[in-house]
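Residues take their numbers from the sequence shown, with the count starting at 1.
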Amino acid sequence: MNIIIIEDEFRAAKSLQNLVLELKPEAKIIGVYDSIEMSVEGLSKDIKPDLVFMDIQLSDGLSFEIFKQVEITCPVVFCTAFDQYMLDAFKSKGIDYVLKPFSREDIAEALRKVDELKKFFQKNELPDLESLLKNINQTQSTKSNFLVFKNQKYTTVPTENIAYFFIHNEITHLMTFDKEQFQLSQSLGQIAEQVSDKQFFRINRQYLINFKAIKEMEHYFQRKILVKLTIETPEKLLINKEKTHSFFTWLEDR
């Protein structure tokens with residue numbers, strides 16, 4: 001059995017790896033990834049895992065984004081600290097979960113259930129992750145304002161007035177539709193979790209853009225997409241070919 005572990009906590013990933021190999025000595029860990037970006041890159045290669053252990057909240061966002069960019073046809077066991085509503089949602093879809101901090105018995109039970117569901121997963125059937133993601137978003141209130149500091153004064157910027165967030169010199173900034181720029185203390189990944197994923201899209205590692213700010217798109221070199229906003233950006237906004245599909249799906253889903 002070829003297994004992939006997606007977990008951004010080093011100790012949790014190592015513990016999970018040791019337990020799996022102890023319980024299934026014939027298993028082979030073919031990949032350990034700690035972010036959405038690394039997971040998409042790894043799963044895009046010609047590898048065929050039989051099982052994936054996946055944390056939900058990664059350093060660069062919710063792991064459900066992975067399913068939007070690559071096809072996963074094997075069973076997935078979610079390892080999570082999310083509340084009971086979400087755990088129930090996973091069980092109703094036929095995918096097991098282990099609650100952190102997990103024990104040897106938890107992993108053994110998860111592996112047993114995966115074996116029982118093998119025929120189900122061989123049909124390439126997956127849970128309705130889009131609906132699950134929407135349910136999660138509905139349970140989390142999106143941020144309506146951002147507190148900023150400039151010229152020795154504090155003020156708030158309504159989220160709806162923000163054209164895009166971006167990283168410059170390793171510092172996160174926001175740009176308003178009035179072309180005002182402010183620094184923020186949060187990382188871009190943290191901000192992406194606070195705003196509506198229906199309104200904002202992270203097109204690459206440096207930019208999180210507002211749907212209302214998009215002016216036009218055009219094809220670019222190496223099958224990339226060039227996105228132009230109504231507000232000028234310091235760099236060209238390019239979407240790689242692997243993320244193009246999820247971007248256009250996002251554009252249409254409103």
Would F78 and I6 count as a side chain to side chain contact (heavy atoms under 4.5 Å, CB included) here? Give the steps. CA-CA 9 Å; F78 287 97; I6 299 175; over 6 Å; no
Less than 4.5 Å apart, side chain to side chain, heavy atoms only: is that true for I239 and V227? yes
Check this for me: does any side-chain nitrogen of one of R104 and E22 sit under 4.0 Å from a carboxylate oxygen of the other? yes
W250 (side chain) donor-acceptor with D197 (main chain) under 3.5 angstrom: yes
Quick one: does L208's side chain get under 4.5 Å of V195's, heavy atoms only? yes
Between K212 (side chain only) and E160 (backbone N and O only), is there a donor and an acceptor less than 3.5 Å apart? yes
Calculate, to the nearest 0.5 Å, the distance between atoms CG and CG belonging to L226 and L238 respectively. 5.5 Å
With side chain to side chain contact (heavy atoms under 4.5 Å, CB included) as the test, pick out the partner of F177 among I162, N210, L229. N210
Between E218, K236, M217, which is the residue that forms a side chain to side chain contact (heavy atoms under 4.5 Å, CB included) with K228? E218
Which heavy atom of A110 sits nearest to which heavy atom of V77, and what is that distance? CB-CG1, 4.1 Å
Distance-only, no hydrogens or angles: does the D60 side chain make a donor-acceptor pair with backbone N or O of I36 under 3.5 Å? yes
Is any NZ, NE, NH1 or NH2 atom of the basic residue among K28 and D50 found under 4.0 Å from an Asp or Glu carboxylate oxygen of the other? no
Hey, is R11 close enough to E9 for a salt bridge, meaning N to O under 4.0 Å? no
Could you walk me through whether L184 and L174 pass the side chain to side chain contact (heavy atoms under 4.5 Å, CB included) test, one step at a time? CA-CA 7 Å; L184 296 171; L174 69 80; 3.9 Å; yes
Would you check if there is a donor-acceptor pair between the side chains of Q57 and E193 at a distance under 3.5 Å? yes
More than 12 heavy atoms of other residues, nucleotides or ligands under 6.0 Å from NZ of K150: is that the case? yes
Does I107 belong to the same Ile/Leu/Val/Met/Phe/Trp/Tyr cluster as V32, with side-chain heavy atoms less than 4.5 Å apart forming each link? yes
If you look at every heavy atom in A13 and I5, which pair is closest and at what distance? O-CD1, 4.1 Å
Compare all side-chain heavy atoms of I214 with those of L251 and state whether any distance is below 4.5 angstrom. yes
Looking at every heavy atom in both N240 and T244, which two are closest together, and how far apart are they? O-OG1, 3.1 Å
Q194 CD to Q186 CD distance, which is reported to the nearest 0.5 Å: 5.0 Å
Does the side chain to side chain contact (heavy atoms under 4.5 Å, CB included) test come out yes or no for F165 and F200, once each step is laid out? CA-CA 9 Å; F165 300 89; F200 287 86; 3.6 Å; yes
In Å and rounded to the nearest 0.5 Å, what is the OG to CD distance from S63 to E7? 10.0 Å
Kindly indicate, with the supporting measurements, whether the criterion side chain to side chain contact (heavy atoms under 4.5 Å, CB included) is fulfilled by I225 and F248. CA-CA 10 Å; I225 297 296; F248 282 109; 4.1 Å; yes
I'd like to know if the side chain of D106 pairs up with that of S103 as donor and acceptor (distance under 3.5 Å, no hydrogens or angles considered). yes
CD of E235 to CD1 of I167, rounded to nearest 0.5 Å, is 10.5 Å
Can you tell me if CD on E170 sees more than 12 non-hydrogen neighbours from other groups inside 6.0 Å? no
Got a sec: does the CD of E216 have more than 12 other heavy atoms crowding it under 6.0 Å? yes
Heavy-atom side-chain contact between M1 and L51 under 4.5 Å: yes
Can any side-chain N or O of Q190 pair as donor or acceptor with the backbone N or O of S187 at less than 3.5 Å? yes
Can you check whether Q17 reaches F53 side chain to side chain, under 4.5 Å on heavy atoms? no
Here the pair of heavy atoms bringing I47 nearest to G42 is CD1-O, 3.2 Å
Reported CD1-to-OG distance for the pair I171 and S185, which is rounded to 0.5 angstrom: 11.0 Å
Nearest 0.5 Å, please: how far is NZ in K143 from OG in S196? 14.5 Å
Within the 4.5 Å heavy-atom criterion, are F201 and K243 side-chain neighbours or not? yes
Closest heavy-atom pair and its distance - L188, T172: N-OG1, 3.8 Å
Would you say N204's side chain and Q206's backbone share a donor-acceptor pair under 3.5 angstrom? yes
Taking the side chain as C-beta and beyond, is there a heavy-atom pair between E37 and R205 under 4.5 Å? yes
Would you indicate whether the side-chain heavy atoms of H245 and K68 approach each other to under 4.5 Å? no
I231 and A163: which non-hydrogen atoms are nearest, and at how many Å? CG1-CB, 3.9 Å
Show which residues join Y154 in its hydrophobic cluster (side-chain heavy-atom contacts under 4.5 Å, direct or indirect), or state none. L147, F149
Plane angle bin for F166 and Y207 - parallel if under 30°, tilted between 30 and 60°, otherwise perpendicular: parallel
For the backbone of S35 and the side chain of S59, can you confirm whether one donor and one acceptor N or O come within less than 3.5 Å of each other? no
When you check the side-chain N and O atoms of Q181 and H173, is any donor under 3.5 Å from an acceptor? yes
